[in-house]
Amino acid sequence: MDLSVSITPDGALAIKTALRVVHFIGLVLGLGAATLLDIIIIRFIVRRRISGDYCDIIDFSSKIVSAGLVFLWISGIGFLLFYGLLEPAKLGNEKVWAKIAIVGVLTLNGLFLHHFVLPLIRQNIGKSLFAGMSRAQARVALASGVVSGTSWYVPLLLGCIPQLNFVVPAWMILSAYAAFLMGGIVLAQGIAHLATAPHRHPPQQDPAPDVVMELGQTVG
């Protein structure tokens, strides 16, 4: 059955509008919660102690991020089906495929955050963020936060720039995205290096010989 004939223009418009609403809900939930998580982690970097209340907020925010990802996947798959059945020419818009790839990165990074980073944060309740972490673990944790923050903002920016439709190839969008990620990750590694570096104190030196002699004469 030809769905493009059986669905009226008004029906197609209603479906597209519904998909856009679901997509925007996913972006709002994920972007807002991911930004909150990044702000909390930044507060922890300045050596504030992690409290149980903050961990509860982090756990709740991570669930909101997961819900945002679910909405994005539902809307993304829905758009692909819609375009495939009703507007096949739009499948040639490589910006669509770049956004799907970025949401894929977001999903994998979200799984990593949930199974690796969040347990590390929770086990440090009452301590600073990097207490007990190796330098490699701290770098990975911060890099994952960079991936989350960057990857949520990029789809929003792509959606705000319709001029890229059918003009910029997917590889160029993904290359720019990768460059932003690499720059942020390098910066995060520098922060991790400073945050986990042990405090160095000047070595204790023996009193100068003349001071010792003076003290001895005073006592004598």
Side-chain angles (χ1 to χ4, degrees), residues 3-4 7 12-39 41 61-117 139-189:
L3 293 179
S4 62
I7 297 179
L13 180 60
I15 293 173
K16 182 180 287 189
T17 300
L19 289 173
R20 285 176 176 169
V21 170
V22 174
H23 182 74
F24 287 138
I25 290 175
L27 275 179
V28 169
L29 292 177
L31 183 60
T35 302
L36 176 62
L37 284 173
D38 287 341
I39 291 173
I41 290 176
S61 298
S62 67
K63 293 176 182 177
I64 298 299
V65 171
S66 299
L69 283 171
V70 170
F71 278 105
L72 284 187
W73 278 115
I74 290 174
S75 61
I77 294 172
F79 273 120
L80 290 180
L81 292 174
F82 181 89
Y83 293 152
L85 294 172
L86 301 176
E87 300 177 4
K90 290 191 175 180
L91 290 177
N93 183 7
E94 296 195 24
K95 190 180 80 171
V96 172
W97 301 104
K99 290 177 67 174
I100 291 176
I102 292 170
V103 173
V105 172
L106 268 174
T107 303
L108 294 176
N109 187 68
L111 292 173
F112 180 78
L113 278 170
H114 182 75
H115 292 289
F116 175 76
V117 177
R139 287 174 175 172
V140 170
L142 283 179
S144 185
V146 170
V147 172
S148 177
T150 304
S151 300
W152 276 106
Y153 278 94
V154 170
L156 177 64
L157 292 175
L158 290 177
C160 295
I161 309 176
Q163 293 83 357
L164 299 179
N165 293 338
F166 301 99
V167 175
V168 180
W171 69 264
M172 186 175 295
I173 295 173
L174 294 176
S175 296
Y177 164 67
F180 279 117
L181 283 187
M182 291 303 299
I185 289 173
V186 169
L187 178 61
Q189 289 182 348

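- The two residues Trp152 and Gly26 come nearest to each other via the heavy atoms CZ3-O, 3.7 Å.
- Within the 3.5 Å criterion, the main-chain N or O of Pro169 finds no donor-acceptor partner in the side chain of Glu94.
- In this structure, CG in Leu69 is found 11.0 Å from CD1 in Ile74, a value given to the nearest 0.5 Å.
- Across every non-hydrogen atom of Asp38 and Gly149, the tightest pair is OD2-CA, 3.4 Å.
- When all heavy atoms are compared, the tightest approach of Val105 to Ser151 is CG1-OG, 4.2 Å.
- In terms of heavy atoms, Gly30 sits closest to Val65 at O-CG2, 4.0 Å.
- Looking only at side-chain heavy atoms (C-beta outward), Asn93 and Tyr83 stay at 4.5 Å or farther from each other.
- Between Phe166 and Lys90, the shortest heavy-atom distance links the atoms CZ-CA, 3.8 Å.
- Annotation: Phe24, atom CZ; neighbour count of heavy atoms from other residues, nucleotides and ligands within 6.0 Å does not exceed 12.
- Between Ser148 and Leu113, the shortest heavy-atom contact is CB-CD1, 4.1 Å.
- Using a 4.5 Å heavy-atom threshold, the side chains of Val96 and Leu80 count as touching.
- Looking only at distances, no side-chain donor or acceptor of Ser144 sits under 3.5 Å from a matching main-chain atom of Val140.
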*Tell me, with the steps shown, if Leu174 and Ile102 meet side chain to side chain contact (heavy atoms under 4.5 Å, CB included).*
CA-CA 8 Å; Leu174 294 176; Ile102 292 170; 3.9 Å; yes
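- To the nearest 0.5 angstrom, Phe79 atom CZ is 12.5 Å from Leu91 atom CG.
- Of the listed residues (Val22, Leu29, Leu27, Val28), just one forms a side chain to side chain contact (heavy atoms under 4.5 Å, CB included) with Ile25, and that residue is Leu29.
- Note that CE of Met182 is 12.0 Å distant from OG1 of Thr150, once rounded to the nearest 0.5 Å.
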_Step-by-step side chain to side chain contact (heavy atoms under 4.5 Å, CB included) determination, Ile173 to Lys95_ = CA-CA 7 Å; Ile173 295 173; Lys95 190 180 80 171; 3.9 Å; yes
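- In this structure the side chain of Val147 reaches within 4.5 angstrom of the side chain of Ile185, judged on heavy atoms.
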_For Phe116 and Leu111: C-alpha separation, side-chain torsions, deciding distance, then whether side chain to side chain contact (heavy atoms under 4.5 Å, CB included) applies._
CA-CA 8 Å; Phe116 175 76; Leu111 292 173; over 6 Å; no
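- Using a 4.5 Å heavy-atom threshold, the side chains of Leu19 and Phe82 count as touching.
- Note that NZ of Lys99 is 9.0 Å distant from CG of Leu156, once rounded to the nearest 0.5 Å.
- Atom CG of Leu86 is separated from atom CG of Leu81 by 10.0 Å, given to the nearest 0.5 angstrom.
- Contact annotation: the side chain of Val21 never approaches that of Phe71 to less than 4.5 Å [non-hydrogen atoms, C-beta and beyond].
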